[in-house]
Amino acid sequence: MTSPLHVVILAAGEGSRMKSSLPKVLHPVAGKPMLHHVIDTARSLDAAGIHVVIGHGADKVRASISDDNLHWALQEQQLGTGHAVAQALPDVPEDARVLVLYGDVPLIRSETLSHLAGQVSETALGLLTVELPDPDGYGRIVRDDGGNVQAIVEQKDASDDQKRIREVNTGILGVHARHLKDWLPQLSNSNAQGEYYLTDVIAMAASRDVAVKVAHPQTAFEVQGVNNRIQLAELERWHQAEEARRLMIEGATLLDPARVDVRGRLEVGRDVVIDVNAVFEGDVTLADGVEIGPNCLLRNARLGPGTRVEANSVIDGAIVGAGAQIGPFARLRPGTELADRTKVGNFVETKKAVVGEGSKINHLSYVGDATLGRDVNVGAGTITCNYDGVNKHQTRIGDGVFVGSNTALVAPVSIADNATVGAGSTITRNIEADELAVARGRQRNIQNWSRPEKS
Ligand code: UD1
Ligand code: CA
């Protein structure tokens with residue numbers, strides 16, 4: 001049996017270059033805090049334990065996650081990466097393999113990590129390295145003539161010769177817990193930064209016949225850390241470019257792959273077309289043939305086959321059937337359910353509205369806390385008055401109802417099948433099937449009216 005995997009995530013650093021009151025590891029990439037990306041990736045490895053080392057902004061970092069299975073370790077003073085790992089070690093069992101990750105390196109892939117973790121045993125540690133055209137600032141990988149890794153030398157401690165090495169330490173490594181418990185107390189801080197370097201365990205391994213096995217990430221972005229907002233934006237763009245590629249491979253047409261942002265999970269069927277400046281948040285599913293017009297926001301929504309969303313629409317917490325037409329300038333709020341072939345047009349807001357097949361709300365309406373049957377026509381400017389200042393009330397509209405324009409439906413109220421409401425009505429009483437309700441002042445025409453004159 002292989003030994004259990006424990007992940008230690010370092011997240012105690014200050015991140016002063018972010019110039020932010022938000023702890024660095026809570027800055028989001030694709031709408032999710034960097035640290036949460038790393039934790040989710042750690043979870044995908046089926047780790048037996050996940051340990052997060054916190055220091056700066058510890059309370060905020062802790063409060064950002066409600067997961068009883070995480071182990072928190074407080075590093076009160078940031079004395080170096082080796083010292084940071086040592087804070088988590090008391091909670092790590094002796095027979096574990098330990099994978100060290102950084103809270104500010106958010107896009108590391110789980111495949112890369114499981115490969116790395118697979119190399120770790122009592123006789124070998126795994127080190128993730130990468131060759132960079134500009135290795136400035138990183139720890140350099142020092143190898144002997146046989147190509148075996150001997151040590152990592154930090155930039156500030158490196159000789160001029162060592163500074164020319166382009167293979168660098170990503171910071172991510174896997175070591176057996178038994179070795180860490182043995183070696184970390186032996187670290188010294190007599191180096192250029194006066195810190196306890198985790199990287200010094202490499203030289204310890206080399207001198208004790210523990211093999212150093214090197215692995216590489218698929219791309220350099222995976223191991224790119226974030227120190228400032230420029231690097232944060234670079235990672236965001238890289239991540240979004242990857243999402244766009246995935247969507248196109250799955251059969252979506254993106255009018256401009258650089259102008260689609262996915263901040264959550266987006267599933268697409270075939271022949272989905274997405275115009276520019278679409279933002280997707282939470283869980284969104286677009287069935288075959290869905291078309292999204294320019295400048296739309298979709299959050300936690302499911303759209304059926306062939307549904308079209310026209311420009312500048314906001315869809316939030318809604319389920320939409322097949323062949324529906326939404327927008328331009330529509331706003332669907334949580335609890336909206338639109339059946340097949342429905343139409344919700346411009347400047348229409350819906351909330352907790354269940355709309356039956358073929359029904360239309362085409363212009364300038366508010367429909368909230370309402371159920372509509374099939375083939376209902378809601379005229380322009382119709383409002384459900386669902387709120388009396390204290391409570392919300394329901395409006396029920398049956399099949400085939402025609403609501404004339406500029407109507408106020410004062411809830412609670414119900415309108416039975418095939419009833420008609422005259423334009424401009426304020427409806428306060430229920431309407432029976434097939435009735436016509438007109439509730440407005442009668443028109444008077446006064447003959448030979450003379451207008452007032454200026455005195
Ligand atoms: C570290 C590595 C370096 C590597 C680089 C990759 C060491 C000594 N050096 O350098 O070889 O090339 O990462 O980015 O490990 N942290 C704590 N507590 C501490 C110190 C750091 O939690 O006391 C956390 C930081 O928040 C950060 C991570 O550890 O997430 C790395 O620390 P940082 O100071 O950025 O290390 P580097 O100097 O960049
Ligand atoms: Ca760093």
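Whatever order the structure lists them in is the order used to number ligands and atoms, beginning at 1.
By the 4.0 Å heavy-atom criterion, Val53 is excluded from the residues contacting ligand 1. Residue-ligand proximity: Gly225 is placed with every non-hydrogen atom at 4.0 Å or more from ligand 1.
When each of Ile292, Leu247, Val309 is tested with Leu286 by the rule side chain to side chain contact (heavy atoms under 4.5 Å, CB included), just one qualifies, namely Ile292.
The shortest distance between side-chain heavy atoms of Val260 and Phe280 falls below 4.5 Å.
If you take CD on Glu349 and CG on Leu332, they are separated by 10.0 Å, rounding to the nearest 0.5 Å.
Shown here are the salt bridge (charged side-chain N to carboxylate O under 4.0 Å, His left out) partners of Asp182, two or more places apart in sequence or in another chain: there are none. Residues that satisfy the side-chain contact (heavy atoms from CB on, under 4.5 Å) test with Ser207, not counting sequence neighbours, are absent from this structure.
Remark: ligand 1 and Gly171 share no N or O pair separated by less than 3.5 Å (distance only, no angle test). Considering backbone and side-chain N/O of Tyr138, none are found under 3.5 Å from N/O of ligand 1. Residue Ile152 has no nitrogen or oxygen atom sitting less than 3.5 Å from a nitrogen or oxygen atom of ligand 1, judged on distance alone. At under 3.5 Å, a nitrogen or oxygen of Gln75, whether backbone or side chain, sits near a nitrogen or oxygen of ligand 1. Geometrically, ligand 1 and Gly139 share a nitrogen or oxygen pair separated by less than 3.5 Å.
Checked by atom type, the side-chain pair Glu222/Thr112 shows a donor-acceptor distance below 3.5 Å. No side-chain donor from either of Thr285 and Glu267 sits under 3.5 Å from a side-chain acceptor of the other.
In Thr170, the part holding a heavy atom less than 4.0 Å from any atom of ligand 1 is the backbone. Contacts of Ala12 with ligand 1, taken as heavy-atom pairs under 4.0 Å, involve both backbone and side chain. Only side-chain heavy atoms of Glu154 come within less than 4.0 Å of ligand 1; its backbone N, CA, C and O stay farther off.
Ion pair Lys32/Asp40 flagged as a salt bridge, since at least one NZ, NE, NH1 or NH2 atom sits closer than 4.0 Å to an Asp/Glu carboxylate oxygen.
For atom 29 (O) of ligand 1, the nearest non-hydrogen atom from the set Leu10, Ile9, Leu101 comes from Leu10. One option in Asn227, Thr81, Asn169 has a heavy atom closer to atom 32 (O) of ligand 1 than any other, and that option is Thr81.
For ligand 1, the atoms sitting less than 4.0 Å from at least one non-hydrogen atom of Gln78 are 18 (N), 19 (C), 23 (O), numbered in the order shown with element in parentheses.
Ring geometry for His176 against His179 counts as perpendicular: the plane angle is over 60°, on a 0 to 90° scale with 30° as the lower cut.
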